[in-house]
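Written out below as structure tokens is the structure these notes cover.
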2 protein chains.
Amino acid sequence: MARSTRRRPAPAHPATEEIDLYDVLHALSDPTRMTIVRVLRTEPERACGTFPVDVAPSTLSHHFKVLRESGVISQREEANRRFSALRTVDLERRFPGLLDTVLAALARNEPGGGPAGEESGHEPGSDKARHG
Amino acid sequence: MARSTRRRPAPAHPATEEIDLYDVLHALSDPTRMTIVRVLRTEPERACGTFPVDVAPSTLSHHFKVLRESGVISQREEANRRFSALRTVDLERRFPGLLDTVLAALARNEPGGGPAGEESGHEPGSDKARHG
DNA sequence: TGCGATGTTCGACAAACGACGAACGTAGCT
DNA sequence: AGCTACGTTCGTCGTTTGTCGAACATCGCA
């Protein structure tokens, strides 16, 4: 009976108070996931398969899982689609200003960056700095 | 070359403009490294071996390398000691507000946390917010 | 009832990560 | 010179990560 309303296991989200900073930082330290977050920033929610990232569906699912379990996004089921949304309110309550600051930093990180495909923009730096 | 003035290879730092956001976020996503950053936040600089983390010297050296190569800290040689300092100015120029926001978030992440010794706040194997 | 679209789970794999001990090099003692 | 303190580098080990393909499950539609 209850089987008809929820066949798939409901996606697990951490409570707001349980969002871990290290998990969030780790989730945001991947370009593919960051692309997802950036896109989600401009829209209330979006279906999984419609993100401008070129990875296999299984890989994408993995990234969504990381984002969800870290508390960065929430996922809602509708039919056989899963819509993702940024947990902006929860994130703001838990770590005020973090998301905004990181996304502002992202804009500076890739000045001419396109929305996707820059997974390889990760070169080892050269050495030219001094002790400040 | 001037072999007498520089026996050990000088520690390589990325230039301010080359600090990569993903590298920084990854560097900050580790509790041991975050402890180093937090301590460095309260002091201008500090010798490597004097940080309140209980890992092997080689491990510590590895973490310092990650922090240095990501642009989070700088290292200065003095005798056979190496002093580390936060690159607050460079970081602020590159990613304004990022360091402050993350450290403020860190304070919220561990409300009762002392300045050190809580490396065990992130045990492998026991996942934290397993929201069922 | 079958089919296509949408996502997830599983298993595999290479690469990276964090940790350690051992060995090494330099500086400052005694 | 010998010794100690400090920190790095190297090799190794086990775990985690990101990726993929294959298989599976659900829903909507013909």
Side-chain angles (χ1 to χ4, degrees), chain A residues 2-12 22-23 25-36 45-51 53-70 73 75-84 117-124, chain B residues 3-12 20 22-23 25-36 45-51 53-70 73 75-84 119-128:
Chain A
R3 213 159 56 131
S4 58
T5 53
R6 183 149 302 159
R7 286 116 197 237
R8 278 187 289 181
Y22 298 113
D23 291 342
L25 293 179
H26 171 251
L28 296 178
S29 68
D30 180 271
T32 300
R33 290 193 289 262
M34 189 67 100
T35 297
I36 293 171
E45 63 179 6
R46 189 158 181 156
C48 291
T50 68
F51 285 85
V53 295
D54 53 350
V55 294
S58 54
T59 303
L60 195 53
S61 191
H62 160 71
H63 285 308
F64 277 115
K65 185 179 178 184
V66 172
L67 285 169
R68 181 183 2 107
E69 294 187 343
S70 71
I73 69 169
Q75 288 187 307
R76 173 180 70 87
E77 298 180 29
E78 182 176 308
N80 59 350
R81 272 179 215 170
R82 199 169 265 193
F83 287 90
S84 301
E118 69 272 13
E119 279 78 25
S120 53
H122 205 229
E123 301 122 26
Chain B
R3 214 167 48 149
S4 57
T5 53
R6 183 151 303 163
R7 315 93 172 144
R8 275 187 288 181
D20 184 83
Y22 298 114
D23 291 342
L25 292 179
H26 171 250
L28 296 180
S29 68
D30 179 271
T32 299
R33 290 193 289 263
M34 188 67 99
T35 296
I36 292 171
E45 65 180 5
R46 189 158 180 156
C48 290
T50 69
F51 285 84
V53 295
D54 52 349
V55 293
S58 54
T59 303
L60 195 53
S61 191
H62 160 70
H63 284 308
F64 277 114
K65 186 180 180 184
V66 172
L67 285 169
R68 183 186 356 110
E69 293 185 345
S70 70
I73 69 169
Q75 288 187 305
R76 172 179 70 85
E77 299 181 30
E78 182 176 308
N80 59 348
R81 272 179 215 170
R82 200 170 266 194
F83 287 89
S84 300
E119 282 77 28
S120 51
H122 200 237
E123 292 116 9
S126 82
D127 277 335
K128 40 257 135 197

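Keep in mind the model is a prediction, meaning the values are calculated, not measured. So you know, we letter chains A, B, ... as the sequences are listed, proteins then strands, and number each from 1.
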Heavy atoms under 4.0 Å, any strand shown: does His62(A) hit a base, just sugar-phosphate, or nothing?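 Answer is base: heavy atoms of His62(A) come under 4.0 Å of a base.
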Could you give the distance from [atom1] ([X]) to [atom2] ([Y]), rounded to the nearest 0.5 Å?
X: Met34(B); Y: Leu67(B); atom1: CE; atom2: CG; result: 10.0 Å
X: Thr50(B); Y: Arg81(B); atom1: OG1; atom2: CZ; result: 9.0 Å
X: Arg76(B); Y: Arg82(B); atom1: CZ; atom2: CZ; result: 11.5 Å
X: His62(B); Y: Thr59(B); atom1: NE2; atom2: OG1; result: 8.0 Å

Atom pair distance, as rounded to whole Å: [atom1] in [X] and [atom2] in [N]:
X: Arg76(A); N: dT6(C); atom1: CZ; atom2: P; value: 16 Å
X: Gln75(B); N: dG7(D); atom1: CD; atom2: C1'; value: 10 Å
X: Asn80(B); N: dT9(D); atom1: CG; atom2: P; value: 15 Å
X: Ile36(B); N: dG7(D); atom1: CD1; atom2: P; value: 12 Å
X: Asp30(B); N: dT15(D); atom1: CG; atom2: P; value: 18 Å
X: Asp23(A); N: dT17(D); atom1: CG; atom2: C1'; value: 14 Å
X: Leu60(A); N: dT8(C); atom1: CG; atom2: P; value: 8 Å
X: Asp54(A); N: dG18(D); atom1: CG; atom2: P; value: 16 Å

Using a cut-off of less than 4.0 Å, is there contact between a side-chain N or O of [X] and OP1 or OP2 of [N]?
X: Arg81(B); N: dG28(C); answer: no
X: Arg82(A); N: dT8(C); answer: yes
X: Thr59(B); N: dC20(C); answer: yes
X: His63(A); N: dT17(D); answer: no

Is there a side-chain contact between [X] and [Y] (heavy atoms, below 4.5 Å)?
X: Val66(B); Y: Arg33(B); result: yes
X: Arg46(A); Y: Ser84(A); result: no
X: Ile36(B); Y: Leu60(B); result: yes
X: His63(A); Y: Val53(A); result: no
X: Gln75(A); Y: Phe83(A); result: no

Reading DNA chain C 5' to 3', what string of ( ), [ ], | and . shows its pairs, if Watson-Crick and G-U wobble pairs count only when both distances fall under 3.5 Å? ||||||||||||||||||||||||||||||
Which listed nucleotide (dT8(C), dC20(D), dT9(D)) is nearest to the side chain of Ala56(A)?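 The nucleotide sitting nearest to the side chain is dC20(D).
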Among dT8(D), dC20(C), dT8(C), find the nucleotide with the atom closest to the side chain of Ser61(A). dT8(C)
Can you name the atoms? Protein N/O to nucleotides 10-16 of chain C N/O, anything below 3.5 Å, with the distance.
none

Select from Cys48(B) and Val66(A) the residue whose nearest nucleotide in DNA chain D is closer to the 5' end of that strand. Cys48(B)
Would you name the heavy atoms of Ile73(B) and Phe64(B) that are closest together and state the gap between them?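 Closest approach of Ile73(B) to Phe64(B): CD1-CD2, 3.6 Å.
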